[in-house]
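Read the numbers this way: they start at 1 and go in the same order the structure lists the ligands and their atoms.
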Amino acid sequence: MKLPHPHISFFCLCVLLSSSHASNTIISPVSAQKPCDFPAIFNLGDSNSDTGGLAAAFTPPNSPYGETYFHMPAGRFSDGRLIIDFIGGIFASLMPREEYFSKALYTFDIGQNDLGAGFFGNMSVEEVNESIPDIINKFSANVKSIYNLGARSFWIHNTGPIGCLPYILANFPSAKDSAGCAKPYNEVAKNFNLKLKEAVVQLRKDFPSAAFTYVDVYSVKYSLFRTPKRYGFELPTVACCGYGDNEYNYSGTAECGQLATVNGTQFIVGSCDRPSVRVNWDGIHYTEAAAKFVFDRISTGAFSDPRIPLKMACRRALID
Ligand SMILES: *[C@@H]1O[C@H](CO)[C@@H](O)[C@H](O)[C@H]1NC(C)=O
Ligand SMILES: *[C@@H]1O[C@H](CO)[C@@H](O)[C@H](O)[C@H]1NC(C)=O
Ligand SMILES: *[C@@H]1O[C@H](CO)[C@@H](O)[C@H](O)[C@H]1NC(C)=O
Ligand SMILES: *[C@@H]1O[C@H](CO)[C@@H](O)[C@H](O)[C@H]1NC(C)=O
């Protein structure tokens, strides 16, 4: 089977998932079953989960992107690895074989750009909120197309708390919650996730032979803003690599890796001292440390609906 032109951006991280390490920490009915034998993973998402598509098609990120893990820019919009890298294991990459398309795991991490484009595109919070059903309908249509190409195992992340990100906080003064996040913006993200979850329920009805796992990444990310110290993090709403005349260390005119001019002096916007204890990398995206934190929690299935761990994501329900 040849893949015809996909209707959405198609970034592919093709990896072998080791099926030898059975998870022994999960107590759930599925743990009695055999792990899924995914020969490949196809990821569809924005720059929070892009391992090089945007860099290949447009502008690759500069140093200090990549500094923590790759020690050079590696096409990722982080200081290091992304959640998808931890899901796949970056050394296991290989080109997909034809039969992999139906057996593969398809992961989705979508929403932040759809909402962000609205907020920065002169739309009010209410207008962006009202555009959500349209965004979700397009998402469902794209998932149907991918299903029709043979995909059967879908692992769908919801969108994160966009109101906790410096690029929102620095640009749109608004009411804050106890974590210091912009409340109305997070309300929109939560409404997006509600509609996304409903869409996933509908997809399960439409395609009973496929497995759709909805993953609550929002809650895991939000815990990093609510109680960062508990998890060894600090300054979650401050960009590690940024520059800004504000408490968020962010400005759209002096972004991470760019040449900035302040008081007549030029400098490259660089990294903070300890990205390993930081949540936000460049004002928009998360650090490797945050990605690892999220991966460790979501891979167990504790945040999945149904409560299926990553290795079992070809299963439809808890009953065998
Ligand atoms: C932004 O919104 C204002 C008020 O609705 C409108 O007058 C203006 O034309 C819009 N600008 C753009 C670039 O859409
Ligand atoms: C967003 O729209 C939903 C209805 O889809 C509504 O219940 C909610 O109050 C709205 N939220 C905001 C922040 O406008
Ligand atoms: C730029 O100049 C202003 C006013 O003299 C000063 O307050 C500010 O700290 C300077 N910024 C930097 C980065 O040197
Ligand atoms: C803000 O970004 C600069 C790089 O421009 C970095 O050196 C500094 O440590 C950052 N501040 C914080 C509080 O992370």
Side-chain angles (χ1 to χ4, degrees), residues 61-68 73 77-80 111 114-116 118-119 123-140 158-159 161-170 172-177 180-199 201-202 218 224-225 228-229 232-263 265-290:
N62 300 326
S63 178
Y65 283 86
E67 62 167 23
T68 294
F77 287 84
S78 168
D79 60 311
D114 299 290
L115 303 180
F119 296 136
M123 281 165 81
S124 69
V125 168
E126 290 70 27
E127 285 169 336
V128 174
N129 190 45
E130 283 161 19
S131 73
I132 288 171
D134 187 44
I135 298 168
I136 298 293
N137 285 341
K138 287 184 177 131
F139 172 80
S140 293
N158 68 6
T159 197
I162 192 170
C164 300
L165 303 181
Y167 84 127
I168 295 293
L169 289 162
F172 306 108
S174 62
K176 302 289 188 304
D177 64 14
C181 301
K183 226 173 169 169
Y185 293 82
N186 277 352
E187 289 306 321
V188 172
K190 284 191 225 168
N191 185 38
F192 180 95
N193 291 339
L194 193 74
K195 300 286 193 307
L196 178 66
K197 197 168 183 179
E198 288 169 8
V201 168
Q202 187 58 45
Y218 182 104
L224 288 174
F225 297 97
K229 290 203 181 73
F233 287 88
E234 61 186 35
L235 303 172
T237 56
V238 181
C240 161
C241 182
Y243 179 84
D245 202 6
N246 55 53
E247 56 185 304
Y248 309 111
N249 208 25
Y250 179 80
S251 155
T253 55
E255 290 187 318
C256 180
Q258 285 180 358
L259 191 61
T261 308
V262 175
N263 291 350
T265 308
Q266 284 197 325
F267 64 99
I268 300 280
V269 178
S271 172
C272 63
D273 288 340
R274 294 197 300 154
S276 62
V277 298
R278 300 295 287 270
V279 174
N280 192 276
W281 167 240
D282 60 1
I284 302 172
H285 308 95
Y286 290 79
T287 57
E288 164 167 318

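Aromatic rings of F267 and Y243 (six-membered ring for Trp) have centroids within the 6.0 Å cut-off, being under it. Taking the six-membered ring where the residue is Trp, the centroids of W281 and Y65 are separated by under 6.0 Å.
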Item to check | E198 vs K195, salt bridge (charged side-chain N to carboxylate O under 4.0 Å, His left out): CA-CA, chis, key distance, verdict | outcome: CA-CA 5 Å; E198 288 169 8; K195 300 286 193 307; 5.5 Å; no
Next on the checklist: Between E288 and S78, is the side chain to side chain donor-acceptor pair (under 3.5 Å) condition met? List the steps.
Outcome noted: CA-CA 7 Å; E288 164 167 318; S78 168; over 6 Å; no
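In terms of protein heavy-atom proximity, atom 13 (C) of ligand 2 is nearest to E187 CB, 3.9 Å. For atom 14 (O) of ligand 2, the nearest protein heavy atom (residue, atom name, distance) is N129 ND2, 3.0 Å. For atom 2 (O) of ligand 4, the closest heavy atom belonging to the protein is N249 ND2, 2.4 Å. From the protein, the heavy atom lying nearest to atom 3 (C) of ligand 4 is G242 O, 3.3 Å. Atom 7 (O) of ligand 4 has S271 O, 3.7 Å as its closest protein atom, hydrogens excluded (heavy atom only).
Residue contact annotation: K195 has a non-hydrogen atom under 4.0 Å from ligand 2. Residue-ligand proximity: A239 is placed with a non-hydrogen atom under 4.0 Å from ligand 4.
When distances from atom 11 (N) of ligand 2 to the protein are checked, a heavy atom turns up under 4.0 Å. Taking a distance limit of 4.0 Å, we find that atom 5 (O) of ligand 2 is approached by some protein heavy atom.
The contact set between ligand 4 and G270, taken as ligand atoms under 4.0 Å from a residue heavy atom, comprises 4 (C), 5 (O). Set against the non-hydrogen atoms of V269, the atoms of ligand 4 under 4.0 Å away are 5 (O).
Residues G257 and N62 share a closest heavy-atom pair of O-ND2, 3.0 Å.
To the nearest 0.5 Å, the span separating CD1 on I135 from CD on E130 amounts to 12.0 Å.
C181 pairs with C164 as a disulfide, the SG atoms being under 2.5 Å apart.
Between R278 and ligand 4, a contact under 3.5 Å exists for at least one N or O pair.
The aromatic rings of F119 and Y185 sit perpendicular to each other, their planes meeting at more than 60°, with 30° as the lower class boundary.
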